[in-house]
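Below is one structure; the comments refer to it alone.
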Amino acid sequence: MGIRTAAVNSPDWFAGKLLAWFDRHGRKGLPWQRNPNAYRVWVSEIMLQQTQVQAVIPYFERFMARFPDVQALAAAQLDEVLHLWSGLGYYARARNLHRTAKLIAAAGGAFPTSQAGLEALPGVGRSTAGAILALAMDQPTAILDGNAKRVLARFHGVDGPSNAAATLRTLWAHAEAHTPQTRAAAYTQAIMDLGATLCTRRGPGCSACPLAERCMALAANRVAEIPSRPQRGAKPVRKARMYVISAPPGACLLERRPNFGVWGGLWSPPQRNADCSWEAVCAEFGIRAATVAERRTAPAFRHSFTHFHLDIEPHYLRLAEQPTAIGDGDRFIWYNLDRPQPVGLSVPAGALLASLKEVFA
DNA sequence: TACTCGTGGAA
DNA sequence: TTTCCAAGAGT
């Protein structure tokens, strides 16, 4: 009887070593670590899903300056939320964030304090719910983000494919078993910090690792192989025609994309499949043939995404004397004709600009 | 279960 | 130039 009780009530070797390391080497100056209330931790955790810390920081700062609390976010228009998100990717996160803010504000403004209550929120899964409970409320709830997966897989020698269900079950069990009853917030930050700064995917610093003494992957000289990589097929190629339609005074015609799929809810130049004709596009947007001043096709270019290649065939349709100035920023920002400020984005500007310049140089 | 959803940095 | 993948979740 005594062994089980002792294991549950006292931090194990793993958690003890990790916490001691965290006190000396952990990250403590990240923006969401100051005033870590549920709202700030929630927003940061959503932004950090599949997104590196350095990319998130400026977005988090701008977001908090504009939406300091859940009521401010709930009162905003989706367009503005997406605008502050544009460039960060995975826009369903922003739509879910806005939807959840409205739900919470309508329910009085307080976040759920249970795992189940948090997981019921759109965009909040098991790991994000665990992170909110641990980081904002110091509750002993496990997380299993990419860092924790790597640390636990190596420490316990879990060598199955990192996305397989059996592997995830095993890793979640280890995550639960190591999470201490006290200092849950520090422990949660610690396992992420170890994974991010020492137990990295490539070139891990095992010589400085507080867990090295009992790390199974290190003992077996298999640190480089664990976690094993999921096998992938070849990327498919998708084709699209992009219509850049300009009208006076120097405005671009855009369409708001539906709230699903790629760039859902953002504004972009009309994109059609490869068989869409000029006549069909003009008809759809109410453009009379007589008003078309110029009609050109630019060379196609490829933009590679994580999961597919997109071969884009740019088309340019000018409706009056003034040519449209396409912003030469680092991103392809388009303009919502109903609003003064830029909203949304499409593919990076560079590739399309280079393509158009070959025609309009 | 397997697929979808983005972007920027690194190799 | 291409591939990989990082504080995952939804369907």
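Below, each value reflects all heavy atoms present in this structure, side chains not excepted, and no hydrogens, waters or symmetry copies. By convention in this document, chain letters (A, B, ...) are assigned in the order of the sequence lines, proteins followed by strands, and residues within each chain are numbered from 1.
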Residue A:N147, side-chain heavy atoms: nucleotide from B:dC5, C:dA7, C:dA6 that is nearest: C:dA7
Validation row, ring centre A:W278 to ring centre A:Y243 under 6.0 Å: yes
From CA spacing to verdict: side chain to side chain contact (heavy atoms under 4.5 Å, CB included), A:F22, A:M192: CA-CA 10 Å; A:F22 173 75; A:M192 290 191 287; over 6 Å; no
Side-chain N or O of A:T128 closer than 4.0 Å to phosphate OP1/OP2 of C:dA9: yes
Contact nearer the 5' end of DNA chain B, comparing A:P236 with A:T306: A:P236
Sugar-phosphate only, base, or nothing, as touched by A:R27 at under 4.0 Å among non-hydrogen atoms: base
A:F260 CZ - B:dC3 C1' separation (whole Å): 16 Å
Any A:R126 side-chain N or O less than 4.0 Å from OP1/OP2 of C:dG10: no
Separation of C:dA9 P from A:Q115 CD (nearest whole Å): 10 Å
Interatomic distance where CZ belongs to A:R229 and P belongs to C:dA6 [whole Å]: 10 Å
Touch class at under 4.0 angstrom, heavy-atom based, for A:A148 against every strand present: nothing
Phosphate contact (C:dC5 OP1 or OP2) by A:H307 side-chain N/O below 4.0 Å: no
A:V158 side chain near A:T167 side chain, heavy-atom distance below 4.5 Å: yes
Between P of B:dT7 and CG of A:L84, the distance in whole Å: 16 Å
Sugar-phosphate, base or nothing in reach of A:S127, heavy atoms under 4.0 Å: sugar-phosphate
Side chains of A:R27 and A:Q33, donor plus acceptor under 3.5 Å: no
Sugar-phosphate only, base, or nothing, as touched by A:G261 at under 4.0 Å among non-hydrogen atoms: sugar-phosphate
Spacing of A:L168 atom CG relative to B:dA2 atom P, expressed in whole Å: 12 Å
Touch class at under 4.0 angstrom, heavy-atom based, for A:V53 against every strand present: base
A:Y91 side-chain N/O to B:dT7 phosphate OP1/OP2 under 4.0 Å: yes
Upstream residue (5' side of DNA chain B) when A:Y90 and A:A166 are each assigned their closest nucleotide: A:A166
5' priority, DNA chain C, between A:P122 and A:Q52 [closest heavy atom]: A:Q52
Gap separating the CG atom of A:L135 from the CH2 atom of A:W32, nearest 0.5 angstrom: 11.0 Å
Minimum-distance nucleotide (side-chain atoms of A:Q189 versus C:dT3, C:dA7, B:dG6): C:dA7
Sugar-phosphate, base or nothing in reach of A:R99, heavy atoms under 4.0 Å: nothing
Path from A:V43 to A:F67 over hydrophobic side-chain contacts below 4.5 Å: yes
Between P of B:dG6 and NE2 of A:H309, the distance in whole Å: 17 Å
Whole-Å gap separating P (B:dC5) and CD (A:Q50): 14 Å
Proximal nucleotide (of B:dG6, C:dT3, C:dC4) relative to the A:W263 side chain: B:dG6
Between P of C:dT3 and CZ of A:F308, the distance in whole Å: 14 Å
NZ or CZ of A:K235 within 45° of A:F305 ring axis and under 6.0 Å: no
Which nucleotide in B:dT4, C:dA7, C:dC5 has an atom nearest any side-chain atom of A:R238: B:dT4
Distance below 4.0 Å between A:R93 side-chain N/O and C:dG8 OP1 or OP2: no
Span that lies between the C1' atom of B:dC3 and that of C:dA7, in whole angstrom: 22 Å
Sugar-phosphate only, base, or nothing, as touched by A:E119 at under 4.0 Å among non-hydrogen atoms: nothing
C:dG8 OP1/OP2 closer than 4.0 Å to side-chain N/O of A:Q49: no
Sugar-phosphate only, base, or nothing, as touched by A:L121 at under 4.0 Å among non-hydrogen atoms: sugar-phosphate
side-chain N/O A:W32 vs C:dA7 OP1/OP2, d < 4.0 Å: no
